[in-house]
Amino acid sequence: MRFDVWAPEAERVTLHCDGSSVAMRRDPGRAGWWSGTAEAADGSRYGFAVDGGPIRPDPRSRRQPEGPDGPSAVVDHARYAWRSRWGGRGLHGAVLYELHVGTFTAAGTLDAAAERLAHVAGLGVTHVELMPLCPFPGRHGWGYDGVSPWAVHEPYGGPEALKRFVDRAHDLGLGVVLDVVHNHLGPSGNHLPAFGPYFTEAHRTPWGQAVNLDAPGSDEVRSFLIGSALAWLRDYRIDGLRLDAVHALVDTRARHFLEELSTAVDALAVETGRPLFLIAESDLNDPRLITPRGQGGLGVHAQWNDDFHHALHTALTGESTGYYADFAPDPLGALAKTLRRGWFHEGDHSVFRGRGHGRPLDRARLSGHRLLGYAQTHDQVGNRARGERLSALVSPGLSACAATLVLTAPFTPMLFMGEEWAAATPWQYFADHTDPELADAVRHGRRREFAAHGWCEDEVPDPQDPATRERSCLDWSESERPPHSRVLAWYRTLIALRHAWPDLTDPDLGDTRVAWDHDDHRWVAFRRGSLKVAVNLGPSPADIPVGARPARVLAAWEPVRAPGADGALRVPGETGVVLLQD
């Protein structure tokens, strides 16, 4: 078997494979690359020593059976016999479901998660979005401090388990999206600097050194990241990638890394005959990110829409600290603006940032399905001091109102695991760092961070305590008990409506008409084609004007009669309703 590694500054590189050592040779056709051959097969352990240093795992390792600091293992992807015949599923009309493998079940493995996928498919979801799967030290963590970006965390089950999970999902008609992190690698178990200039001091990220996208050597670094992305889509038949915090990808080159990545993904989609896509997390509100390359954009297919979340959360809870400050003066007005215009900040002043922020979307060119709308995500729940879900902050009725808005808005909706039954379990920040100094730094750093915002340090869970992760695991028995079972039935009803009525998946952002109460009542109503959606967030009944045209109620959280001749719809407190108007 031939082994290759990029080590441009090395004087010599030695391949160690299954107890044997081989001096590698410079590749005359590729600057900085070394090649060597050794007897090897699937499962063979190997690594590279640079200039007589310690044996380190392959930067492109497909498997780390002993963790990030152990040897790499050969993976023969051809050994797996795929069962499902899957033609792929694109984003338009999709409903996504974000899940974390380590807490989706108490077992915390991909195989255990696969056993619960029938529930997700029965809900009406079209895609599951897996939080990062790359190896990290220890057993449990969020996954955003991963290393070895071509490999699968061994405690989750490794490469074979991911293939079984994808196979099962595809059998059920579910696409699979994988969250990947290109902006940094974890602080522990990261061996890339020993091989080459994978990082640069020219830029910094909130998590440490920036990945080298524009300094000398960046051609190979970009190829490394793009190769990893394509490997997930090709070797594991993943349908799309969620790109973590792309605003932290600092790239001063004329052709941005994201443009290069989207070009490569679109080419692979043509090659495989499957619709493949990229979803970015970005807080820039820059429409160029999701504008097609032919129109001068970067060609990413969709992005998370935090403005919609912030407006909705503020309207539901009344919270006004941090980034919610921009939405707090008029939460319903802010919510209405995002429903009409895509996002709230379009270049106006942001109190939270102390500057202007964002740029308007061209609603004539950009479809609403390119924005993901949600009431909860791993970030918005887990980055609270105690990891409270929305269901811990509001009533079941308001949780149902949030579902109504998310699942009928002109965006691609996304749910966070357990949201569909208003799970009572928190989702807290947890880690399992094996380096005692790093573990202590994370523990005390998180407590200091929240203490600065008024929290008592004793109230902030210890990320290293196994109980923190255990508290964050879903309690599946809840879904069968009221009030959780009623919330679950409401989610199923709304998702079924979304699939049944094309108006709810119409991508035309400019076609959404919104009205809201400016006085004492707390309601918002909007039109999606022939459908009207009305949500009363207040505790008392409200008369919401929906027009004089005859209408019938398709779904309502509490019983609602059709509007009278005066066009007023009487909506009980904390209730959402969907109407069909002739």
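A donor-acceptor contact under 3.5 angstrom links the side chains of His345 and Asp326, judged on distance only. Asn305 and Tyr374 are not linked by any side-chain donor-acceptor pair at a separation below 3.5 angstrom, with hydrogens and angles left out of the test. Side-chain contact of Ser72 with Gln64: a donor-acceptor pair under 3.5 Å is present, judged by distance alone. With no hydrogens or angles considered, no side-chain donor-acceptor pair links His433 and Asp440 at under 3.5 Å.
Ring-centre distance between His378 and Trp142: below the 6.0 Å cut-off. In summary, the aromatic rings of Phe411 and His309 are positioned with their centroids too far apart to meet the 6.0 Å limit. In this structure, His313 has its ring center under 6.0 Å from that of Tyr324.
When all heavy atoms are compared, the tightest approach of Tyr144 to His184 is O-NE2, 2.9 Å. Nearest heavy atoms, Gly189 versus Asp69: CA-OD1, 3.5 Å. Residues Pro57 and Pro68 share a closest heavy-atom pair of CG-O, 3.4 Å. Across all non-hydrogen atoms, the minimal contact from Val265 to Leu276 is CG1-CB, 3.9 Å.
Annotation: side chain of Leu371 is in contact with side chain of Ile290 (closest heavy-atom distance under 4.5 Å). Under the 4.5 Å side-chain criterion, counting only non-hydrogen atoms from C-beta, Leu130 is in contact with Leu162. You'll find the side chain of Trp343 reaches within 4.5 Å of the side chain of Leu361, heavy atoms only.
A salt bridge does not link Asp307 to Arg341: none of the charged side-chain nitrogens sits closer than 4.0 Å to a carboxylate oxygen. Electrostatic pairing of Arg234 and Glu271 does not count as a salt bridge here, judged by no charged N lying under 4.0 Å from a carboxylate O. A salt bridge is defined here as a Lys NZ or Arg NE, NH1 or NH2 lying under 4.0 Å from an Asp or Glu carboxylate O, and Arg253 with Asp251 fails to meet this definition. A salt bridge is defined here as a Lys NZ or Arg NE, NH1 or NH2 lying under 4.0 Å from an Asp or Glu carboxylate O, and Asp462 with Arg443 meets this definition. Contact check on Arg63 versus Asp58 returns no salt bridge, with no Lys/Arg side-chain nitrogen under 4.0 Å from an Asp/Glu carboxylate oxygen. Checked for salt-bridge contact, Arg30 and Asp4 meet the test: a charged N lies under 4.0 Å from a carboxylate O. Taking 4.0 Å as the cut-off between side-chain N and carboxylate O, Arg45 and Asp18 do not count as a salt-bridged pair. Salt bridge status for Glu281 with Arg242: present, with a side-chain N to carboxylate O gap under 4.0 Å. For the pair Asp239 and Arg89, the salt-bridge criterion is not met [side-chain N within less than 4.0 Å of a carboxylate O]. A salt bridge between Arg237 and Asp167 is absent, with no side-chain N of the basic residue lying under 4.0 Å from a carboxylate O of the acidic one.
How far OG1 of Thr321 is from CZ of Phe352: 9.5 Å, rounded to the nearest 0.5 Å. To the nearest 0.5 Å, the span separating CG on Asp283 from NE2 on His247 amounts to 4.0 Å. Here the straight-line distance linking atom CG of Leu133 with atom CG of Leu110 works out to 6.0 Å at 0.5 Å rounding.
In summary, of the residues considered (Thr377, Asn383, Thr103), a side-chain hydrogen bond (donor to acceptor under 3.5 Å, both in side chains) with Trp427 occurs for Thr103 alone.
The aromatic rings of His77 and Tyr236 stand perpendicular to each other, their planes meeting at an angle above 60°, with 30° marking the opposite boundary. Between Tyr97 and Phe104, the ring planes are perpendicular. Angles over 60° get that label, and only those under 30° would be called parallel. Classified by interplanar angle (parallel below 30°, tilted 30° to 60°, perpendicular above 60°), the ring pair Tyr156/His153 is perpendicular.
For Arg85, the CZ atom counts as loosely surrounded, since its 6.0 Å shell holds 12 or fewer non-hydrogen atoms of other residues, nucleotides or ligands. No more than 12 heavy-atom neighbours from other residues, nucleotides or ligands sit within 6.0 angstrom of CZ on Arg25. Within a 6.0 Å sphere centred on CZ of Arg359, heavy atoms belonging to other residues, nucleotides or ligands number 12 at most. Surrounding CZ of Arg79 are at most 12 heavy atoms belonging to other residues, nucleotides or ligands under 6.0 Å away.
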request  = Take Arg62 and Asp235 through the test salt bridge (Lys or Arg N to Asp or Glu O under 4.0 Å) and record every step on the way to the result.
outcome  = CA-CA 10 Å; Arg62 270 62 168 186; Asp235 299 335; 5.1 Å; no
